[in-house]
Chemist: 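Right, I'll just put the structure down here and ask away after.
Bear in mind that the values here come from a model prediction, so they are computed numbers and not experimental data. Chain letters run A, B, ... following the sequence lines, proteins first and then strands; every chain starts at 1.
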Amino acid sequence: MTTQHALTEYLLRLGDSDIILAQRLCEWIGNAPALEEEMALGNVALDLIGQARSWLEYAAELQGEGRSADDLSFGRNEREYRNLLITEQANGNYADTLARQYLFDAWHYYLLQALCDSKDARIAAIAAKALKEVTYHLRRSSAWVKRLGDGTDESHQKMQQAIDDIWTYSGEMLLADDIDNLLFEAGIAPDSAAIKAQWQAHVSATLEEARLDCPPMDSYMQQGGKQGLHTEQLGFLLAEMQFLPRAYPDAVW
Amino acid sequence: MYAQLVDTGVKRVKTLNEMSPEERHFQEKIDADIKIEAKNWMPEAYRRTLIRQMSQHAHSEIVGMLPEKNWLTRAPNLKRKLQLLAKIQDEAGHGLYLYSAMETLGANRDEELEKLHSGEVKYSSIFNYPSRSWADMGTIGWLVDGAAIVNQVVLQRTSYGPYSRAMIRICKEESFHQRQGYQILLEMMRNGTDEQKAMVQDSINRFWWPALMMFGPHDTDSPNSAQSMQWKVKRMSNDDLRQRFIDQTIPQLELLGCTVPDPDLKWNEARGHYDFGAIDWSEFYSVLKGNGPCNKDRLKTRRNAYENGAWVREAAKAYADKQKQAAA
């Protein structure tokens with residue numbers, strides 16, 4: 001594997017995770033529990049789509065096949081998508097959505113912080129801009145985990161269930177594969193073990209403050225998203241998201 | 001428009017001579033274009049009318065998110081997805097400003113939402129029409145936001161200060177939405193396939209008459225207008241606003257290379273305005289009564305969102321109370 005190939009894959013993982021999670025958040029619009037939450041969900045989704053565009057533009061350039069970020073988003077099939085499994089999981093109730101968001105945000109935050117020091121200047125620049133946005137995402141989702149965890153009996157029970165249910169998808173982002181290792185050695189990507197330690201500390205502290213039980217860190221974790229092996233949910237999400245460009249291949253929008 | 005057929009509860013407009021000293025002082029301020037502020041004395045009917053108008057307006061903003069949401073998850077590229085999401089988010093923001101402005105009159109957001117959910121208070125009839133194609137995202141921005149702007153530009157000079165200031169903020173964002181909507185259609189008409197061009201024309205055909213109905217009934221059938229005009233809650237008549245909208249829209253339509261489904265539409269040199277055909281008011285009243293294609297779905301979506309979110313709002317409140325207690 002060349003560094004360039006590894007880098008392209010890595011960028012797809014970052015961009016795809018952003019766009020898929022944003023698509024899930026878009027599903028909430030018009031259905032959120034309060035008007036203020038419509039705005040907040042919209043903000044987070046807008047940030048993620050913007051970040052996806054930056055990562056995917058870079059990936060498309062490295063591929064050198066004349067494709068654009070749009071081509072990558074709207075023209076690839078499930079098997080070619082490299083997003084983390086956690087990002088494609090269905091919205092469920094508001095606690096499910098926030099559990100997914102929080103566990104992702106905590107990883108995203110530490111990852112971007114580390115990527116600011118990447119030897120790849122373009123990655124460092126994108127990460128620096130994204131980090132400002134994700135700092136807010138993490139602050140918001142942590143606050144909600146605490147609010148729901150330590151709110152009413154009903155919200156506590158729902159939040160605990162949500163954390164327990166999504167937990168099996170939280171390990172994939174912390175586990176390094178050959179691509180992560182190669183890029184770590186090249187000084188482009190950070191040490192996954194360091195991110196994992198930071199993530200675990202943040203998550204255990206937040207859940208404790210939220211009066212929630214933290215599931216075992218060594219639980220069995222589902223994997224495959226980074227290699228293009230997805231849960232059954234992704235196909236439907238893409239079918240909806242990609243409908244127009246696929247139905248009208250010659251159209252311009 | 002975003003607020004249609006707002007009832008003033010007033011049968012006949014009083015003259016200055018018939019008014020009490022308080023009422024006269026109030027009316028003289030309005031006549032002198034001095035803004036009424038939340039703490040100023042105001043007739044009860046003025047207060048109630050404004051609450052009705054502003055809550056209808058706010059409800060229209062949030063129900064208006066739904067036809068756009070219908071295509072948000074299917075936007076055709078990243079740029080359009082970002083634009084549409086930002087537009088929907090602006091609408092949520094407009095809803096918030098308007099509810100806040102309305103609360104300065106002693107009304108309460110949750111109570112007004114109850115009235116929306118029970119069908120007691122309406123929202124603009126236009127949002128009871130479905131968004132059937134991507135072109136509708138262009139048409140809604142261009143025609144629906146366009147019609148809203150014509151009304152709202154005038155409402156920037158409305159007599160109630162908080163409402164007027166909310167309108168000034170909202171107008172800036174709406175004109176941006178309108179340009180974006182028009183640009184969606186222009187791109188499809190200039191560079192799109194035949195299928196896309198047909199999609200645009202179909203969309204305009206469907207939205208043209210409902211957009212004209214947004215301004216409300218003819219002046220002769222608008223029993224509350226006289227009082228609203230005297231209070232300067234309303235600043236131009238329904239028919240004048242509608243004419244202004246048509247006059248400014250037709251040149252844009254021609255630039256697109258599209259038509260509207262009105263054989264009687266033509267420029268009248270003598271009047272200096274476009275003439276247009278008769279509006280089917282039976283459709284307007286039928287939609288208001290609840291028979292539009294989406295009335296039931298729109299209300300059900302809003303009601304479900306509110307009810308399903310109750311436990312979240314309760315938890316947030318319980319948590320905030322606990323934090324307050326801990327700090328005390």
Chemist: So what's closer than 4.5 Å to chain A heavy atoms on B:A320: side chain, backbone, both or neither?
Modeler: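 Neither the backbone nor the side chain of B:A320 comes within 4.5 Å of chain A.
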Chemist: Could you tell me which portion of A:A22 (side chain, backbone, both or neither) has an atom closer than 4.5 angstrom to a non-hydrogen atom of chain B?
Modeler: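 Looking at A:A22, nothing touches chain B.
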Chemist: B:I88 versus chain A, heavy atoms under 4.5 Å apart: side chain, backbone, both or neither?
Modeler: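 B:I88 touches chain A through side-chain heavy atoms alone.
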Chemist: Let's test your reading of the structure: which of B:L66, B:L72, B:L113 forms the most heavy-atom pairs below 4.5 Å with chain A?
Modeler: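 Option with the top pair count is B:L72.
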Chemist: Using non-hydrogen atoms only, which part of B:M199 is less than 4.5 Å away from chain A: side chain, backbone, both, or neither?
Modeler: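 The side chain, not the backbone.
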Chemist: Return yes when atom CD of A:E80 has more than 12 non-hydrogen atoms of other residues, nucleotides or ligands closer than 6.0 Å, and no otherwise.
Modeler: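 Yes.
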Chemist: Is the number of heavy atoms from other residues, nucleotides or ligands within 6.0 Å of OH (A:Y136) greater than 12?
Modeler: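 Counting other residues, nucleotides and ligands, OH of A:Y136 exceeds 12 neighbours.
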Chemist: Taking only residues two or more places apart in sequence or in another chain, which ones pass salt bridge (Lys or Arg N to Asp or Glu O under 4.0 Å) with A:R82?
Modeler: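 Once residues adjacent in sequence are excluded, the partners of A:R82 under the salt bridge (Lys or Arg N to Asp or Glu O under 4.0 Å) criterion are A:E9.
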Chemist: Anything under 3.5 Å between chain A and chain B that's a donor-acceptor pair? List each one with its distance, please.
Modeler:
residue : atom : partner : partner atom : Å
A:Q23   : OE1  : B:K81   : NZ           : 2.7
A:Q23   : NE2  : B:T73   : O            : 2.9
A:E27   : O    : B:K69   : NZ           : 2.9
A:I29   : O    : B:K69   : NZ           : 3.4
A:G30   : O    : B:R302  : NH1          : 2.9
A:P33   : O    : B:R313  : NH1          : 2.7
A:E36   : OE1  : B:R109  : NH1          : 3.3
A:E36   : OE2  : B:R109  : NH2          : 2.5
A:M39   : O    : B:Q89   : NE2          : 2.8
A:N43   : OD1  : B:Q89   : NE2          : 2.9
A:D70   : OD1  : B:L78   : N            : 2.9
A:D150  : O    : B:K322  : NZ           : 2.9
A:D150  : OD1  : B:K322  : NZ           : 3.0
A:G151  : O    : B:K322  : NZ           : 3.0
A:E240  : OE2  : B:T73   : OG1          : 2.4
A:V252  : N    : B:Q196  : OE1          : 3.3
A:V252  : O    : B:Q196  : NE2          : 2.8
A:W253  : O    : B:R80   : NE           : 2.6
A:W253  : O    : B:R80   : NH2          : 3.0

Chemist: Which atoms of A:I19 come close to chain B, meaning under 4.5 Å heavy atom to heavy atom: side chain ones, backbone ones, both, or neither?
Modeler: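 Contact with chain B: side chain only.
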Chemist: Take atom CD of A:E65 as the centre, draw a 6.0 Å sphere, and report whether it contains more than 12 heavy atoms from other residues, nucleotides or ligands.
Modeler: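 Buried by this count: over 12 neighbours within 6.0 Å.
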Chemist: Is it the side chain or the backbone of A:A32 that comes within 4.5 Å of chain B heavy atoms, both, or neither?
Modeler: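 Contact with chain B is through the backbone of A:A32 alone.
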Chemist: Do you know which of A:L148, A:L41, A:L46 has the most heavy-atom pairs with chain B at a distance under 4.5 angstrom?
Modeler: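 Max contact count across the listed options: A:L46.
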Chemist: What heavy-atom pair brings A:P245 and B:P76 nearest, and what distance separates the two atoms?
Modeler: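 Heavy-atom minimum between the residues: CG-O, 3.4 Å.
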Chemist: If I take atom CG from residue B:L82 and atom CD1 from residue A:I49, how far apart are they, to the nearest 0.5 angstrom?
Modeler: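 Going from CG on B:L82 over to CD1 on A:I49, the span is 5.0 Å.
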Chemist: Non-hydrogen atoms of chain A under 4.5 Å away: do they reach the side chain of B:L78, the backbone, both or neither?
Modeler: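 It is both, since atoms from each part get that close.
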Chemist: Can you give me the closest heavy-atom contact between B:L85 and A:C26, atom names plus distance?
Modeler: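 Shortest heavy-atom separation between B:L85 and A:C26 comes out as CD2-SG, 4.1 Å.
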Chemist: Looking at every non-hydrogen atom in both residues, tell me the closest pair between A:G30 and B:A305 and how far apart they are.
Modeler: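 Reported closest heavy-atom pair: O-CB, 3.9 Å.
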